[in-house]
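Heavy-atom basis, side chains included; hydrogens, waters and symmetry copies ignored. For ligands, and for the atoms within them, numbers begin at 1 and follow the listed sequence.
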Amino acid sequence: MPELDKEQVLATLAQVVEPQSGRDIVTLGLVSGLVVRNGNVGFAIEVTPEEAEQMEAVRKAAEDAVFAMPGVGSVTAVLTAERAGAPQQPPQKQPSGRHQAGPAGGLVPGVKAIVAVASGKGGVGKSTVSANLAVALVQLGHSVGLLDADIYGPSVPRMLGISGKPASPDGKQILPMERYGLKVMSMGFLVPEDTPMIWRGPMVMGALEQMLRDVVWGELDVLVVDMPPGTGDVQLTMAQRVPLAGAVIVSTPQDIALLDARRGLNMFTKVDVPVLGIVENMSLFVCPHCGERTDIFGHGGARAEAEKLGCPFLGEIPLHLEIREASDRGEPIVAAAPDGPHGKAYMDIAREIADRLDRGRARAAPKIRMR
Ligand code: ADP
């Protein structure tokens, strides 16, 4: 049988009608990011956030139609609120002031606060901080979820030693994985590792919304979201669309100097998300043999920079082999050695974050929302 091609898939998708206009989704230009590889098909259907619910039926119809084609082994169709083909414009600021600190507006019922962990660039230890803070919050008695939204390099499953796929008993809702008292969901469970990068951008919003909407998080005090690194359009859109109670920015001493952290800060300020503070990671080097402390990158820059920017400083985590080794084993250092110096450093930061969320809620509570 000849390899299935894009044209054939598009011809099938051209049979799928969007009910409101009565026209098909291809003619309407709603299909984007079509990928066909070895009988595996993926595409996104572009919607506005308001349409997302009613378009779910269209998404399902499109998925079923393609799945029925001969030669198709799997289909992944997602709704995305990002116009992939449109000129790259930063999303507009929402006029509604949706990003008040406080309960995550209707989007994720049962979740009291969603906190993003972000960084100006990759490799600064954002995922390590996310995983350790989430476990620390559990140890402080909170009910916590961890959503790994780092679509470019979902590393949370590895750091928590989780493998396999989450179950979906009814084929619609997804049960989060559980480990260290955390409920965990990762882009890594939904998006195959070999998914081309270019396809990931447009998929991000659809997959993210799906993870917020379809995952059975239950009652959570905090949902920690490990964001993709950087401050581009994808990150900005996420920061804007997810009802965040606050953001934590992870930075190494050297990117404080390079202003990457400041870019992260600006991104959240732009979309009215309160920045709960900056964490300085790999702050100083503690020799695992002799215990000597060395400021290889000139530590302390984050505290000074945070002060200058009027942003809270949450604490510093040293660069230490044990932290990496623990993550590599699938056991965050906070779980492995909560009373050790590194465990304590994360716990202090988690405590500070929980306090700031409480204070934010107390402030937000009496507000009357005008519609
Ligand atoms: P990011 O999410 O920013 O890309 P990761 O959390 O994946 O970064 O960390 C990158 C690498 O650095 C990982 O191997 C991780 O184990 C290691 N790492 C992160 N923080 C520390 C630390 N404080 N000490 C030692 N290694 C660290």
Check: Is Tyr346 close to ligand 1, meaning an N/O of one under 3.5 Å from an N/O of the other?
Finding: no
Note to self: Just to be sure I'm reading this right: ignoring hydrogens, which of Gly120, Pro318, Ala118 gets closest to atom 23 (N) of ligand 1? Compare them by their nearest heavy atoms.
What the structure shows: Pro318
Checklist line | Heavy-atom donor-acceptor pair, Lys183 side chain to Glu178 backbone, under 3.5 Å | finding: no
Check: Which heavy atom of the protein is the closest neighbour of atom 4 (O) of ligand 1, given with residue, atom name and distance?
Finding: Gly123 N, 2.8 Å
Next item on the list: Run the numbers on Gln54 and Gln20 for side-chain contact (heavy atoms from CB on, under 4.5 Å), then give the verdict.
Entry: CA-CA 10 Å; Gln54 74 204 55; Gln20 226 159 26; 3.2 Å; yes
Checklist line | Asn266 versus Thr269, side-chain donor and acceptor atoms under 3.5 Å | finding: no
Margin query: One thing to verify: whether Glu325 and Arg329 come together as a salt bridge, which I'm taking to mean a side-chain N less than 4.0 angstrom from a carboxylate O.
Written below: no
Check: Do any nitrogen or oxygen atoms of Asp328 lie less than 3.5 angstrom from nitrogen or oxygen atoms of ligand 1?
Finding: no
Next item on the list: Report the nearest protein non-hydrogen atom to atom 8 (O) of ligand 1: residue, atom name, distance rounded to 0.1 Å.
Entry: Gly125 N, 3.0 Å
Item checked: Identity and separation of the nearest protein heavy atom to atom 27 (C) of ligand 1 -> Met282 CE, 4.1 Å
Notebook entry, point to check: So is Pro229 close enough to ligand 1, meaning a heavy atom under 4.0 angstrom away?
Noted result: no
Notebook entry, point to check: Are side-chain N/O atoms of Gln15 and Thr12 paired as donor and acceptor at under 3.5 Å?
Noted result: no
Note to self: Need the ligand 1 atom indices (1-based, order shown) with element for anything under 4.0 Å from a heavy-atom of Leu319.
What the structure shows: 24 (N), 25 (C)
Check: Can a protein heavy atom be found under 4.0 Å away from atom 13 (C) of ligand 1?
Finding: no
Next item on the list: Just need the protein heavy atom nearest to atom 20 (N) of ligand 1, so name the residue and atom and give the distance.
Entry: Asn281 ND2, 3.0 Å
Checklist line | SB check Lys172 Asp214 (cutoff 4.0 Å) | finding: no
Check: Taking it one step at a time, do Asn281 and Thr252 satisfy side chain to side chain donor-acceptor pair (under 3.5 Å)?
Finding: CA-CA 5 Å; Asn281 188 38; Thr252 60; over 6 Å; no
Note to self: With a 4.0 Å cut-off on N to O distance, would you call Glu56 and Arg59 a salt bridge?
What the structure shows: yes
Note to self: Distance under 4.0 Å to a non-hydrogen atom of Ile317: what atoms of ligand 1 satisfy this?
What the structure shows: 23 (N)
Next item on the list: Give yes or no for whether the N/O distance cutoff of 3.5 Å, strictly under, is met between Ile323 and ligand 1.
Entry: no
Check: Between Arg324 and Asp328, is the closest basic N to carboxylate O distance under 4.0 Å?
Finding: yes
Check: If you measure from each heavy atom of Met159 to ligand 1, is any distance below 4.0 Å?
Finding: yes
Item checked: Considering all heavy atoms, the nearest Val273-Leu244 contact -> CG1-CB, 3.9 Å
Checklist line | Which residue and heavy atom of the protein sit nearest atom 16 (O) of ligand 1, plus the separation | finding: Arg324 CG, 3.1 Å
Notebook entry, point to check: Which ligand 1 atoms does Ser127 reach within 4.0 Å, using its non-hydrogen atoms?
Noted result: 1 (P), 2 (O), 6 (O)
Item checked: Nearest neighbour of atom 19 (C) of ligand 1 from the list Val279, Ile333, Thr128, on a heavy-atom basis -> Thr128
Notebook entry, point to check: Is any side-chain N of the basic residue among Lys344 and Asp348 closer than 4.0 Å to the acidic one's carboxylate O?
Noted result: no
Margin query: Quick test: of every protein heavy atom, which one is nearest to atom 25 (C) of ligand 1, and how far off is it to 0.1 Å?
Written below: His320 O, 3.1 Å
Next item on the list: For ligand 1, note which part of Val129 has a heavy atom under 4.0 Å away: side chain, backbone, both or neither.
Entry: neither
